[in-house]
Amino acid sequence: MAALYSPGKRLQEWCSVILCFSLIAHNLVHLLLLARWEHTPLVIVGVVAGALIADFLSGLVHWGADTWGSVELPIVGKAFIRPFREHHIDPTAITRHDFIETNGDNCLVTLLPLLNMAYKFRTHSPEALEQLYPWECFVFCLIIFGTFTNQIHKWSHTYFGLPRWVTLLQDWHVILPRKHHRIHHVSPHETYFCITTGWLNYPLEKIGFWRRLEDLIQGLTGEKPRADDMKWAQKIK
């Protein structure tokens with residue numbers, strides 16, 4: 001699997017992280033400058049909604065990478081499916097990835113909405129920004145949780161040396177708790193896919209959301225979920 005991590009991929013991750021965090025800082029400053037007490041109720045709603053949607057999207061991506069396709073697919077296989085398939089063989093491998101490898105892909109994904117937000121701050125009038133403020137707080141929260149999903153996932157596999165504030169956030173279930181995530185790592189890895197906060201794992205499992213979605217796709221395409229599963233591991237030395 002390490003052979004699939006090329007110098008070009010590393011460069012892409014570095015560029016993505018630098019651009020992403022620059023834009024996060026830029027947009028955060030503008031949001032703080034625009035903040036008003038009267039925004040508080042809608043901002044709270046936006047923060048919770050952003051966290052929930054980020055959690056669902058993390059589950060959707062995780063489920064898709066675990067369930068369909070192969071690491072041999074062009075671009076997508078090496079860049080996105082590879083880390084998820086590697087993770088099931090060696091769940092602690094993610095803890096040996098540095099900050100850049102852990103977060104580079106997510107930073108790439110969130111660049112476009114961050115750029116769009118920065119563009120609004122540069123071009124919109126103060127009156128227009130005042131109207132958009134709760135929405136932009138929602139989008140920013142969604143972006144933050146999305147950007148840090150892999151870091152949160154990494155922390156859920158790290159049992160020693162975590163900062164106290166991280167373990168507190170895990171204990172309070174603000175971010176994915178370690179014990180909670182262990183449920184997903186029971187073979188055949190068919191449940192508890194959400195890895196940002198984990199808030200949606202239980203309700204989605206109760207309604208059989210992922211199984212119903214797999215049945216629907218199999219019925220429409222004839223493709224069997226996890227058909228590739230670990231076959232690729234025998235091909236990659």
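Given the structure is predicted, the values throughout are model-derived calculations rather than measurements.
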Can you name the closest pair of heavy atoms from [X] and [Y] and give their distance?
X	Y	answer
Arg212	Ile207	NE-O, 2.8 Å
Thr196	Asp55	N-OD1, 3.2 Å
Thr67	Pro225	CG2-CB, 3.5 Å
Gln12	Leu108	NE2-CD2, 3.7 Å
Ala51	Trp199	CB-CZ3, 3.7 Å
Val17	Gly104	CG2-CA, 3.9 Å

Determine whether the side chains of [X] and [Y] contain a donor N or O and an acceptor N or O closer than 3.5 Å.
X	Y	result
Gln151	Lys154	no
Asn201	His181	no
Asn103	Asn150	no
Trp63	Glu214	yes

Group every Ile, Leu, Val, Met, Phe, Trp and Tyr by side-chain heavy-atom contacts under 4.5 Å, then state whether [X] and [Y] land in the same group.
X	Y	value
Trp14	Leu111	yes
Tyr202	Ile53	no
Phe140	Leu132	no
Ile144	Ile18	yes
Phe121	Leu115	yes

Quick one: pull up [atom1] in [X] and [atom2] in [Y] and give me the separation to the nearest 0.5 Å.
X	Y	atom1	atom2	result
Thr158	His153	OG1	NE2	10.0 Å
Met117	Ile24	CE	CD1	10.0 Å
Cys137	Asn27	SG	CG	11.0 Å
Ser58	Phe193	OG	CZ	11.5 Å

- [ ] For Arg96, enumerate each residue passing the side chain to side chain donor-acceptor pair (under 3.5 Å) test, keeping only those at least two apart in sequence or located in another chain.
- [x] Asp90, Thr92
Task: Counterpart residues, side chain to side chain donor-acceptor pair (under 3.5 Å), relative to Glu130 (two or more places apart) - done: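 Side chain to side chain donor-acceptor pair (under 3.5 Å) check on Glu130 returns His39.
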- [ ] Please report the C-alpha distance between Thr197 and Leu176 in whole Å, then the side-chain angles of each, then the deciding distance to 0.1 Å, and finally whether the side-chain contact (heavy atoms from CB on, under 4.5 Å) criterion is met.
- [x] CA-CA 4 Å; Thr197 64; Leu176 184 69; over 6 Å; no
I want to check something: taking the side chain as every heavy atom from C-beta on, are [X] and [Y] in contact at a cut-off of under 4.5 Å?
X	Y	answer
Leu204	Tyr192	no
Val47	Phe138	no
Phe209	Phe56	yes
Ile195	Thr149	yes
Cys20	Leu114	yes
Glu190	Trp210	no
Glu223	Gln218	no

Task: Ring centre gap for Phe21 and Phe148 strictly below 6.0 Å - done: yes
TODO: Would you please indicate if the ring centroids of Trp165 and Trp155 are separated by under 6.0 Å?
DONE: yes
Task: Residues clustering with Leu112 (ILVMFWY side chains joined when closer than 4.5 Å, directly or via others) - done: none
TODO: Report the hydrophobic cluster partners of Phe160, with the cluster defined as I, L, V, M, F, W, Y residues connected by side-chain heavy atoms closer than 4.5 angstrom, directly or transitively.
DONE: Tyr159
Open item on the list: Looking at Lys9 and Asp105, is there a salt bridge between them, counting it only when a charged N and a carboxylate O are closer than 4.0 Å?
Closed with: yes
Task: Residue pairs passing the side-chain hydrogen bond (donor to acceptor under 3.5 Å, both in side chains) test where at least one lies in residues 110-121, sequence neighbours excluded - done: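 Those involving residues 110-121 are Thr110-Thr147, Lys120-Glu136.
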Open item on the list: Closer than 3.5 angstrom, by distance alone: can the side chain of His62 be matched with the main-chain N or O of Cys194 as a donor-acceptor pair?
Closed with: no
Task: Mutual orientation of the aromatic rings belonging to His157 and His185 [parallel < 30°, tilted 30-60°, perpendicular > 60°] - done: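 Geometry flag for His185 against His157: perpendicular rings.
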Determine all donor-acceptor pairs shorter than 3.5 Å in which one atom belongs to a side chain in residues 28-35; sequence neighbours excluded.
from	atom 1	to	atom 2	distance (Å)
His30	ND1	His26	O	2.9

- [ ] Could you tell me whether Phe99 atom CZ has more than 12 heavy atoms of other residues or ligands within 6.0 Å of it?
- [x] yes
- [ ] Before giving the answer on side-chain contact (heavy atoms from CB on, under 4.5 Å), spell out for Thr167 and Arg178 the whole-Å C-alpha distance, their side-chain angles and the decisive distance to 0.1 Å.
- [x] CA-CA 9 Å; Thr167 58; Arg178 290 167 288 185; 3.9 Å; yes
- [ ] Show your reasoning for whether side-chain contact (heavy atoms from CB on, under 4.5 Å) applies to His184 and Thr191.
- [x] CA-CA 6 Å; His184 172 72; Thr191 188; 5.7 Å; no
